[in-house]
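What follows is a single structure, written as structure tokens, with notes after it.
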Protein chains: 2
Amino acid sequence: MGQLDALCQLRGVKLTRPRRLVLAVLEEATDHPCANEIHQRAALRARITLGTVYRILNRLAETGVLTRHSFDGKMRYEAAGRRHHHLVDIRSGRIVEIDDRDFATVIEQAAERLGYRLVDFRLEVRGEPKGP
Amino acid sequence: MGQLDALCQLRGVKLTRPRRLVLAVLEEATDHPCANEIHQRAALRARITLGTVYRILNRLAETGVLTRHSFDGKMRYEAAGRRHHHLVDIRSGRIVEIDDRDFATVIEQAAERLGYRLVDFRLEVRGEPKGP
DNA sequence: CTAAATGCAAATCATTTGCAAAGAG
DNA sequence: CTCTTTGCAAATGATTTGCATTTAG
């Protein structure tokens with residue numbers, strides 16, 4: 001059983017067959033799929049409705065089992081706790097992970113200054129390789 | 001004539017009445033309106049179709065006159081050159097601008113450390129209001 | 001004048017919702 | 001057993017598109 005299933009128990013989210021399926025898809029995902037993509041991947045393994053996928057995703061996002069961003073005109077999802085800070089190499093398109101410990105503090109302070117408590121943040125950096 | 005009109009000339013974007021209207025709305029905006037909001041504001045001044053607003057926004061985003069982000073399930077727009085770092089109030093959905101000077105340096109250094117020159121970045125912070 | 005832009009309405013995606021049947025605890 | 005969740009299908013909201021008409025350059 002995956003990490004996310006355990007997290008569901010903890011948050012009091014009932015574990016059903018369709019939910020396990022969605023959770024499994026998101027545990028295996030290395031990208032940020034939208035509801036439709038999640039449904040397609042899940043449907044390869046068992047019968048599940050797109051409407052149900054939407055309801056599940058809403059529930060899991062509300063309870064903090066997943067995080068959700070608006071991207072490319074759609075809502076996209078990932079397992080909670082994954083790092084989502086990237087540097088995109090504009091020459092090659094390669095994506096490099098950035099360690100967020102460098103920023104967490106300064107961002108927290110900035111939020112504080114505006115009267116907010118930092119809940120989460122997402123940073124996308126574009127850069128080009130130095131040197132030849 | 002606003003700054004954006006000049007930018008259109010430069011990029012070879014034909015200046016029509018509806019386009020000037022959309023540009024004016026976005027020059028005056030202090031928030032990040034979606035197509036529908038832009039249409040409502042524009043329609044107060046002259047007759048214009050929502051469909052046309054969408055087409056104009058696409059053209060202006062493609063040519064770099066405006067920048068577009070996906071937010072709150074909708075596409076939202078702002079004049080090019082404005083900083084696009086936001087704090088999203090997770091209670092109300094309100095979007096607050098963050099001054100990026102706080103981060104530019106530390107992000108530049110992080111990129112440097114990974115062997116890259118910083119070209120651009122985008123920061124999205126989610127926070128909840130402090131206080132009782 | 002000519003290619004590009006607009007209005008209008010219908011089409012296409014993304015997401016939500018009402019209701020009856022199935023399932024978890 | 002009871003309350004929640006699912007399936008199905010229809011509804012809503014965001015965005016795009018085809019076609020005849022107007023307009024900027």
Side-chain angles (χ1 to χ4, degrees), chain A residues 1 4-25 31-63 65-77, chain B residues 1 4-26 31-63 65-77 93:
Chain A
M1 190 194 295
L4 295 180
D5 302 61
L7 188 50
C8 282
Q9 310 261 37
L10 201 63
R11 303 283 165 93
V13 175
K14 215 182 257 189
L15 279 174
T16 68
R17 188 151 156 37
R19 283 182 181 170
R20 287 179 210 274
L21 198 51
V22 167
L23 291 168
V25 166
D31 55 348
H32 301 172
C34 65
N36 196 42
E37 291 163 340
I38 292 165
H39 175 242
Q40 286 174 209
R41 295 176 201 182
L44 294 176
R45 308 199 197 167
R47 216 172 82 75
I48 185 174
T49 304
L50 179 57
T52 297
V53 169
Y54 272 105
R55 270 188 283 223
I56 291 174
L57 292 172
N58 284 337
R59 193 90 219 295
L60 297 179
E62 280 162 14
T63 53
V65 177
L66 302 178
T67 61
R68 159 168 49 199
H69 335 283
S70 185
F71 233 86
D72 193 29
K74 296 160 204 167
M75 289 301 193
R76 296 179 168 277
Y77 299 81
Chain B
M1 188 195 299
L4 294 180
D5 302 60
L7 187 49
C8 281
Q9 310 261 37
L10 201 63
R11 303 281 166 95
V13 175
K14 213 183 258 189
L15 278 173
T16 68
R17 187 148 155 41
R19 283 183 180 171
R20 288 179 209 274
L21 198 51
V22 167
L23 291 168
V25 166
L26 277 154
D31 55 347
H32 302 93
C34 65
N36 196 42
E37 291 162 341
I38 292 165
H39 175 241
Q40 286 173 210
R41 297 177 200 181
L44 293 176
R45 308 200 197 167
R47 217 173 79 78
I48 183 174
T49 304
L50 179 57
T52 297
V53 170
Y54 272 105
R55 271 187 284 224
I56 290 174
L57 292 172
N58 284 336
R59 192 91 220 295
L60 297 179
E62 280 163 14
T63 53
V65 175
L66 302 177
T67 62
R68 160 168 49 198
H69 326 285
S70 186
F71 243 105
D72 194 31
K74 297 162 203 167
M75 288 300 193
R76 298 182 166 277
Y77 298 81

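Every chain is numbered from 1 and lettered A, B, ... according to where its sequence line falls, protein lines coming before strand lines. What you see below is based on every heavy atom in this structure, not just the backbone, and it leaves out hydrogens, waters and symmetry mates.
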Sequence-aligned protein contact record of nucleotides 2-13 of chain C, with B where the base is within under 4.0 Å of a protein heavy atom and S where only the sugar-phosphate is:
--SSBBB-----
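- Rounded to whole angstrom, the span from the CG atom of Leu21(A) across to the P atom of dT5(D) amounts to 17 Å.
- Atom CE of Met75(A) is separated from atom P of dT15(D) by 11 Å (rounded to the nearest Å).
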Do any side-chain atoms of residues 10-24 of chain B form donor-acceptor pairs under 3.5 angstrom with protein atoms, and if so which ones, sequence neighbours left out?
{"from": "Arg11(B)", "atom 1": "NH1", "to": "Thr63(B)", "atom 2": "O", "distance (Å)": "2.6"}
{"from": "Thr16(B)", "atom 1": "OG1", "to": "Arg19(B)", "atom 2": "N", "distance (Å)": "3.2"}
{"from": "Arg19(B)", "atom 1": "NH1", "to": "Lys14(B)", "atom 2": "O", "distance (Å)": "2.8"}

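- In this entry the distance linking CG of Leu57(A) with P of dT6(D) reads 11 Å, nearest Å.
- For Arg68(B), the side chain to side chain contact (heavy atoms under 4.5 Å, CB included) partners two or more places apart in sequence, or in a different chain, are Asn58(B), Ala61(B), Met75(B), Tyr77(B).
- Remark: Thr52(B) pairs with no residue by the side chain to side chain donor-acceptor pair (under 3.5 Å) rule, at least two apart or across chains.
- Tyr54(B) has no side-chain polar atom (N or O) that falls below the 4.0 Å cut-off from OP1 or OP2 of dT16(D).
- One axis for each end of the helix from dA11(C)-dT15(D) to dG25(C)-dC1(D), each built from five base pairs, and the angle between them comes to 30° at 10° resolution.
- When all heavy atoms of Cys8(A) and Leu60(A) are compared, the closest pair comes out as SG-CD2, 3.9 Å.
- In this view, Tyr54(A) satisfies the ring pair (Phe, Tyr, Trp, His ring centres under 6.0 Å) rule with no residue, not counting sequence neighbours.
- The distance from atom CG of Leu60(A) to atom C1' of dT4(D) is 14 Å, rounded to the nearest whole Å.
- Straight-line distance from the CG atom of Asp5(A) to the C1' atom of dA24(C): 15 Å, rounded to whole Å.
- For the side chain to side chain donor-acceptor pair (under 3.5 Å) test, no residue two or more places apart in sequence or in another chain qualifies with His39(B).
- In terms of the side chain to side chain donor-acceptor pair (under 3.5 Å) criterion, Asp72(B) has no residue partners (sequence neighbours excluded).
- Summarising the geometry of Ala35(B) relative to Val53(B), their closest heavy-atom pair is O-CG1, 3.8 Å, with the distance given to 0.1 Å.
- When rounded to the nearest whole Å, the span between CZ of Arg76(B) and C1' of dT15(D) equals 14 Å.
- Interface residues of residues 34-41 of chain A facing DNA chain C, ordered by number: none; criterion, heavy-atom separation under 4.0 Å.
- Atom-to-atom, NE2 of His69(B) to P of dT15(D) comes out at 14 Å; the value is rounded to the nearest Å.
- For the OP1/OP2 pair of dT15(C) and a distance below 4.0 Å, the side-chain nitrogens and oxygens of Asn58(A) include no atom meeting the criterion.
- For the pair Leu15(B) CG and dG25(D) C1', the interatomic distance rounds to 11 Å; values are reported in whole Å.
- Ring planes of His32(B) and Phe71(B): parallel class, angle under 30° (limits at 30 and 60°).
- Between Leu57(B) and Leu26(B) there is a side-chain heavy-atom pair separated by less than 4.5 Å.
- Contacts classified as salt bridge (Lys or Arg N to Asp or Glu O under 4.0 Å) and involving residues 34-51 of chain A (residues at least two apart or in different chains) are given here: Glu28(A)-Arg45(A), Asp31(A)-Arg41(A), Glu37(A)-Arg76(A).
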